[in-house]
Amino acid sequence: MSVQQIPTGKIIDGEEVIAIELTNSKGTYVKIFNYGAIINKFVVKNAKGEKQDIVLGFDTFDEYLDPAYLANGAYLGAVVGRYANRIKNGRFTIDEETYQLAQNAGTDTLHGGIVGFDKKVWDVIEIGDGPQASVTLQYESVDGEENFPGNLIIDLTFELTENDELILSYEAETDQATAINLTHHGYFNLAPNGGNIKNHKQQIFASNYLEQDSNYSVTGKLIPVEGTPLDFTKSKEIGQDWDEKEGYDQTFVLDKIYGDLSLASKTIEEESGLVLSVYTTEPVAHLYTAKYLDVKNGKGGKDYGSYGAFCVETQHHPNAVNIPTFPSTILWPEDLYTQTTIYKVSLIK
């Protein structure tokens, strides 16, 4: 196991941007930038013994700052917050005080607002090189940032195990009641040469999904997946039942005990022989097949377009801050926010 820190030579808002490289004894390799807590590379060995990078990103850090890329709003590999997904009308109320956020997705707030956690430089506060390779990043979101209340401190640990598990462990504390819902926005493609992910086989351990309005904001209604194109309770090709003009951009309510770490999703790609299993303590997983992805000059100069990747975004229910029947996304000063999500890579047996 090894951990290396590599300067990028970039300074943003007075903070140095560095890359942290985690490697296990099998040669599995993860590269993380402390800017946006971005997972830039996740290199594994496929069934042929070839090294394969399974996440979308760029060859250099500077490309993450390109205005054209930022305008697309892709969030490639970043952690998003304070609040993942959408808050309806960009508004919520805590203790009879209403907070109005930036409406950056139509009339709604998406992924924390204009300048979310994906565009912040996080502090590297701890490095561990045994028995697992790990790094802990910290970000302090000040009271009023993007108009969220409270000073919020977030610790995020990335840990790479000998079993090819990348573990993301989050903790957060606040000095004032605030809304919080964090997720990792990694774009995965398990095929050796990338391309459309419609032939990836997907399974999601969820009997219900969340109804959405025309702007993808959830309404509070749960709908059974049975008999619909959203039924992934048994493994099937992603493209088997989809509307090929829309793909999937949907939140699934996992069949699990709230807070328990359990298997949420499993994706298989037969050519590479790779399996990506996602475990989480979170109550929902959002499947996004990248309909709106339009990124030029990704890794190796490759363009990334619609359906060129999939995301499994583990989180609390979107818009839960406005829907009392959903698990609460209010963090109080006396409480500790915790979340664990694991991306485990293995081979088809």
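- For the atom pair CZ (Phe310) and CG (Asn189), the distance works out to 7.5 Å, reported to the nearest 0.5 Å.
- Residues Asn181 and Thr329 bring no donor and acceptor atom of their side chains to less than 3.5 Å of each other.
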Take Tyr69 and Phe58 through the ring pair (Phe, Tyr, Trp, His ring centres under 6.0 Å) test and state the conclusion after the steps. CA-CA 11 Å; Tyr69 162 69; Phe58 294 107; 5.0 Å; yes
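- Surrounding NZ of Lys256 are more than 12 heavy atoms belonging to other residues, nucleotides or ligands, all under 6.0 Å away.
- Residues Val278 and Val55 fall within the same hydrophobic cluster, defined by Ile, Leu, Val, Met, Phe, Trp and Tyr side chains chained together at heavy-atom separations under 4.5 Å.
- If you run side chain to side chain donor-acceptor pair (under 3.5 Å) between Asn46 and each of Gln52, Glu271, Glu269, only Gln52 comes through.
- A donor atom on one side chain and an acceptor atom on the other are not found under 3.5 Å apart for Gln103 and Thr107.
- Partners of Glu246 according to the salt bridge (Lys or Arg N to Asp or Glu O under 4.0 Å) rule, which considers only residues two or more places apart in sequence or in another chain, are Lys291.
- Nearest heavy atoms, Val218 versus Pro318: CG2-O, 2.9 Å.
- Judged by distance alone, the side chains of Gln132 and Thr161 never bring a donor and an acceptor atom under 3.5 Å apart.
- Annotation for Ile257: atom CD1 does not count as buried by contact number, only 12 or fewer foreign heavy atoms lying within 6.0 Å.
- Listed by chain and residue number, nothing satisfies the salt bridge (Lys or Arg N to Asp or Glu O under 4.0 Å) test with Glu140 (two or more places apart in sequence, or in another chain).
- Residue Gly301 comes nearest to Asp59 through the heavy atom pair N-OD2, 4.2 Å, listed as atom of the first residue, atom of the second, then distance.
- Rounding to the nearest 0.5 Å gives a distance of 6.0 Å between CD1 of Ile127 and CD1 of Ile20.
- Remark: Lys88 engages Asp108, Asp213 in a salt bridge (Lys or Arg N to Asp or Glu O under 4.0 Å) (not counting sequence neighbours).
- Under the rule for a side chain to side chain donor-acceptor pair (under 3.5 Å), the partners of Lys299 that lie at least two apart in sequence or sit in another chain are Asp53.
- Counting non-hydrogen atoms of other residues, nucleotides and ligands closer than 6.0 Å to NZ of Lys119 gives a total above 12.
- Across all non-hydrogen atoms, the minimal contact from Ala47 to Gly273 is CB-CA, 4.0 Å.
- Donor-acceptor pairing under 3.5 Å is recorded for the side chains of Ser141 and Arg82.
- A 4.5 Å side-chain heavy-atom check between Thr289 and Trp242 finds at least one atom pair inside the cut-off.
- Within 6.0 Å of NZ on Lys266 lie no more than 12 heavy atoms contributed by other residues, nucleotides or ligands.
- In this structure, the side chains of Asn319 and Arg86 stay at 4.5 Å or more apart for every pair of heavy atoms.
- Residues Val312 and Val225 fall within the same hydrophobic cluster, defined by Ile, Leu, Val, Met, Phe, Trp and Tyr side chains chained together at heavy-atom separations under 4.5 Å.
- For Phe232, the ring pair (Phe, Tyr, Trp, His ring centres under 6.0 Å) criterion is met by Tyr248, not counting sequence neighbours.
- Residue Asp13 qualifies as open at atom CG: its count of foreign heavy atoms under 6.0 Å is 12 or below.
- Annotation: side-chain contact (heavy atoms from CB on, under 4.5 Å) contacts of Ala102 (sequence neighbours excluded): Ile114, Glu146.
- Considering only residues two or more places apart in sequence or on other chains, Ser134 meets the side-chain contact (heavy atoms from CB on, under 4.5 Å) condition with Thr157, Glu159.
- The two residues Leu22 and Ala133 come nearest to each other via the heavy atoms CD1-O, 3.9 Å.
- With hydrogens and angles disregarded, no donor-acceptor distance shorter than 3.5 Å links the side chain of Asn89 to the backbone of Arg91.
- At least one side-chain heavy atom of Leu254 sits less than 4.5 Å from a side-chain heavy atom of Ile204.
- Thr338 and Glu171 share no side-chain donor-acceptor pair at under 3.5 Å.
- Closest approach of Leu152 to Ala172, counting heavy atoms only: CD1-CB, 4.1 Å.
- Listed by chain and residue number, nothing satisfies the side chain to side chain donor-acceptor pair (under 3.5 Å) test with Ser214 (two or more places apart in sequence, or in another chain).
- In this structure, a donor-acceptor pair under 3.5 Å is present between the side chains of Asn151 and Asp175.
- Residues Asp164 and Lys26 form a side-chain contact, since some pair of their non-hydrogen atoms from C-beta on lies under 4.5 Å apart.
- Inspection of the Thr314 and Thr341 side chains reveals an N or O donor paired with an N or O acceptor under 3.5 Å.
- By the ring pair (Phe, Tyr, Trp, His ring centres under 6.0 Å) test, Phe326 pairs with His317, sequence neighbours left out.
- Residues satisfying the salt bridge (Lys or Arg N to Asp or Glu O under 4.0 Å) criterion with Lys236, sequence neighbours excluded, are Asp241.
- Heavy atoms from other residues, nucleotides or ligands lying under 6.0 Å from NZ of Lys51 number 12 at most.
- By the neighbour-count criterion of 12 heavy atoms within 6.0 Å, atom CD of Glu211 is densely surrounded, having more than that number from other residues, nucleotides or ligands.
- Taking the side chain as every heavy atom from C-beta outward, Thr340 and Leu168 never approach each other to under 4.5 Å.
- Residues Tyr343 and His184 place their aromatic rings such that the two centres sit under 6.0 Å apart.
- Using a 4.5 Å heavy-atom cutoff, the side chains of Gln315 and Asn85 are in contact.
- Side-chain N/O atoms of Asn215 and Ser217 include no donor and acceptor closer than 3.5 Å.
- The two atoms that bring Val284 and Val253 nearest to each other are CG1-CA, 4.1 Å, heavy atoms only.
- Residues Leu293 and Leu76 meet the side-chain proximity criterion, which asks for heavy atoms closer than 4.5 Å.
- Under the 4.5 Å side-chain criterion, counting only non-hydrogen atoms from C-beta, Leu182 is not in contact with Val80.
- To the nearest 0.5 Å, atom NZ of residue Lys120 and atom CG of residue Asn34 are 14.0 Å apart.
- Here ring pair (Phe, Tyr, Trp, His ring centres under 6.0 Å) pairs that include residues 88-145, with residues two or more places apart or in two chains, are Tyr75-His111, Phe92-Tyr99, Phe92-Phe148, His111-His185, Phe117-Tyr139, Trp122-Tyr139.
- Between Lys10 and Glu16 there is no salt bridge, since no side-chain nitrogen of the basic residue lies less than 4.0 Å from a carboxylate oxygen of the acidic one.
- Sorted by first then second residue, the ring pair (Phe, Tyr, Trp, His ring centres under 6.0 Å) pairs that include residues 255-293, not counting sequence neighbours, are Tyr258-His316.
- Put simply, CG on Asp260 and CD on Glu282 are 12.5 Å apart, with the number rounded to the nearest 0.5 Å.
- No hydrogens or angles considered: nothing links the side chains of Gln138 and Asp123 as a donor-acceptor pair under 3.5 Å.
- The local environment of CD in Glu126 is sparse, with at most 12 non-hydrogen atoms from other residues, nucleotides or ligands closer than 6.0 Å.
- A donor-acceptor contact shorter than 3.5 Å is absent between the side chain of Gln250 and the backbone of Leu287.
- If you chain together hydrophobic residues whose side chains sit under 4.5 Å apart, Val17 and Val30 never meet in one group.
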